[in-house]
Protein chains: 2
Amino acid sequence: MVALPSGFRSWVTNVGVKDDSRDFTIVAADAPVAAAGVFTQSRFAGPSVVVSREHLADGHARAMVVISKNANVANGRVGLAHAREVTQGVAASLGCAASDVLIASTGVIGRVYPIDRIRTGIAAIPSPLPDTDATAVAQGIMTTDTVHKIAEATVGSGPARVVGVAKGVGMIEPDMATLITMCFTDAAVDRTTLDAVWRRVIDRTFNCVSVDTDTSTSDTAVVMASGAAGAVDTTDLEQALFEVCESLTKQVARDGEGAEKLVTVLVDRARDGEQAKTVAKAIVNSPLVKTAVHGADPNWGRVAMAVGKCSQYTDIDQERVIIRFGSQEVYPSPVDDSGLDALSTYMRGNEVTIHVSLMTGEAEATVWGCDLTDGYVRINADYTT
Amino acid sequence: MVALPSGFRSWVTNVGVKDDSRDFTIVAADAPVAAAGVFTQSRFAGPSVVVSREHLADGHARAMVVISKNANVANGRVGLAHAREVTQGVAASLGCAASDVLIASTGVIGRVYPIDRIRTGIAAIPSPLPDTDATAVAQGIMTTDTVHKIAEATVGSGPARVVGVAKGVGMIEPDMATLITMCFTDAAVDRTTLDAVWRRVIDRTFNCVSVDTDTSTSDTAVVMASGAAGAVDTTDLEQALFEVCESLTKQVARDGEGAEKLVTVLVDRARDGEQAKTVAKAIVNSPLVKTAVHGADPNWGRVAMAVGKCSQYTDIDQERVIIRFGSQEVYPSPVDDSGLDALSTYMRGNEVTIHVSLMTGEAEATVWGCDLTDGYVRINADYTT
């Protein structure tokens, strides 16, 4: 069991959103604290995102409530009213302003909350919140995740810590964040610094994962800093947040719907970071690359195809590009039959790294994804029914 | 059996590129004729594309040779030399300049041609070419296609005809054309008009199909006009070419790797054609939409998600968007349980149409795709081995 950093308490329960699994989670600081968040850019952003963005405008928050198994998205004005009612109810039980409560919600789209059951749950919130168990929080926010995702790091030499949780297995190519991730730290940090650090960290971690190219309507990434452990070096804090978020990102990729392998794509010698990330995403998102990885099919030409389809980059010259799987170069050096055998053996492992050097500059990017399996199809062909 | 338009002859055979299926196809006009082509924009474009683009620069061609089961892509200078050698060999047997011979090639990437066997095949080309059977041509260019794709139309009230063939089941989101399509007409048309008409037709047909978002390194779409049937009205010719290419496009979508259903996405009331097509592509390419269609899961919220992820269009307002499956509105009108049952019943058919009105203007676009099945994963996890 991983404990929350000092200054935070939690409660995780079932209120009957869909079944009898845990679906209602609150984490609250002892008082309003510095907080930052990044959210989906979807034009169908859910009311949870709308309300949380509004409540975070002042850079402070007291608590975050997460409802799982129902996204409360595409429900019109009823959905928005429900999101506001939940934050008001949680605020009343904590004795704070509704504007200090953030909300996130994931699950099926287009179904109205069973609001009576949620009201009953809110009325039962204990005061003070009874727990400090981050593992239970990580479990409480799961929907179809097969494992909970949690990571922790110490800021510099301590005592301040960072603890992060995340959930999400499908509809994952975050534009600003993944489905839901929450990081908590007892470091003391002002809200402006926290916001800047958080955006940089998310950009190198959750914004670099893709399970299926589908951007959720509910992406929410929030960090809260209680300050209970005192001041820290900002660089140390950023490093600790990065470690936690990188770990969570890889946990998300590995638990992608139906996934059996973690795929890491490193693109280097690129003109700039944007080119490196775009090409890396084209590779990690290619269904032909993903299925080849799944079947350990040494069909490296599909990586050449994926690089090639980034046709906006006319500086990419196929005569200079280098493609490697792990440490094995497959292009331009010809691969003979024993080389294909070695490649297939490497691809049978549960982690596959594809490394492409574009030779257009010195920038690089790393992205994470997973293989595409018949399990993915089975899970998603029969989700609501 | 569909006959080629007058003025064209053909030969289809096996030269042993991979196995004993037909893999070598030539279609030749009786003399150099007006021709136009559009090709992949891939940065890993194959030598067949490079050579054909070069040979079409003057707007004329005599013949097209297609090699299937090997793409001859990412093979460096050897690959380019082989492509030139094939066009030279075919030209010698026809008695024309090599620059009047076009070439296309599809199959596995990164394997060198079995050039000795291809040389033997070229040496055996009969003179004159013995056939006029377009159906055999459609069969000769297949790789993993499960059915051949062919369509024909009469230009206006005739006698000029258009006959088109296409192949391709995977690595299909053409940027300029699909894997390979060839159209032949005996209409008389000048090369400038033919080129302009062809680009417009391709933009509304093959550039609107996506099986798997992966743009091929070998996309080639060529039209040749023998003129044997005399002059025609240009509008009639464009309409006949459109009918043939639209039919071929739908045949390609329906035969997408592992596909069991044809998915048509119509986006209308859009700001402009580009917005309509981008949103339609986001829907037809979403693996979550494709799997829901496969399983007849009435999870229409995934269409809202796919519209929402086109976050570059800030004029799309989720409160105004309308989403329909067939003629059934699913958003914003709430869908009750019997509505979900009706939707599921509709989705069990082998053609599903998704119709989204963006309410940002008056433009529209139609795109075609297919469902994502465990068959797709099986086919592609084990392609080269």
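Just so it is clear: chains get the letters A, B, ... in the order the sequence lines come, proteins before strands, and each one is counted from 1. For clarity, every value in this text was computed on a predicted model and none was experimentally measured.
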Can you tell me which portion of B:V335 sits under 4.5 Å from chain A's heavy atoms? Options are side chain, backbone, both or neither.
neither
For B:A74, which atoms come within 4.5 Å of any heavy atom of chain A: side chain, backbone, both, or neither?
both
Considering only heavy atoms, which portion of [X] lies under 4.5 Å from any heavy atom of chain B: side chain, backbone, both, or neither?
{"X": "A:V293", "value": "neither"}
{"X": "A:A304", "value": "both"}
{"X": "A:P287", "value": "both"}

Is the backbone of A:I316 close enough, under 3.5 Å, to the side chain of B:R43 for a donor and an acceptor to pair up by distance?
yes
Taking B:Q318 for the side chain and A:A45 for the main chain, is one N or O donor matched with an acceptor at less than 3.5 Å?
yes
A:R269 meets the salt bridge (charged side-chain N to carboxylate O under 4.0 Å, His left out) criterion, sequence neighbours left out, with A:E362
Between B:F44 and A:Y331 (judged by ring centroids, cut-off 6.0 Å), do the two rings come close enough to count as a pair?
yes
Taking atom [atom1] of [X] and atom [atom2] of [Y], what is their separation to the nearest 0.5 Å?
{"X": "A:Q41", "Y": "B:Q312", "atom1": "CD", "atom2": "CD", "result": "10.0 Å"}
{"X": "B:L288", "Y": "A:E257", "atom1": "CG", "atom2": "CD", "result": "6.5 Å"}
{"X": "B:N299", "Y": "A:N380", "atom1": "CG", "atom2": "CG", "result": "8.5 Å"}
{"X": "A:R302", "Y": "B:I109", "atom1": "CZ", "atom2": "CD1", "result": "8.5 Å"}

Pick whichever of A:S286, A:A306, A:G375 has the most heavy-atom pairs under 4.5 Å with chain B.
A:S286
Greatest number of heavy atom pairs closer than 4.5 Å to chain B - which of A:T314, A:L372, A:V330, A:V73
A:T314
Under a 4.5 Å cutoff for heavy-atom pairs, which residue among B:D371, B:N75, B:T291 has the most contacts with chain A?
B:T291
Which of the residues B:L340, B:T373, B:V307 is involved in the greatest number of heavy-atom pairs with chain A at under 4.5 angstrom?
B:T373
Find out whether B:Y376 and A:V377 are in side-chain contact, i.e. whether some heavy atom of one side chain is under 4.5 Å from a heavy atom of the other.
no
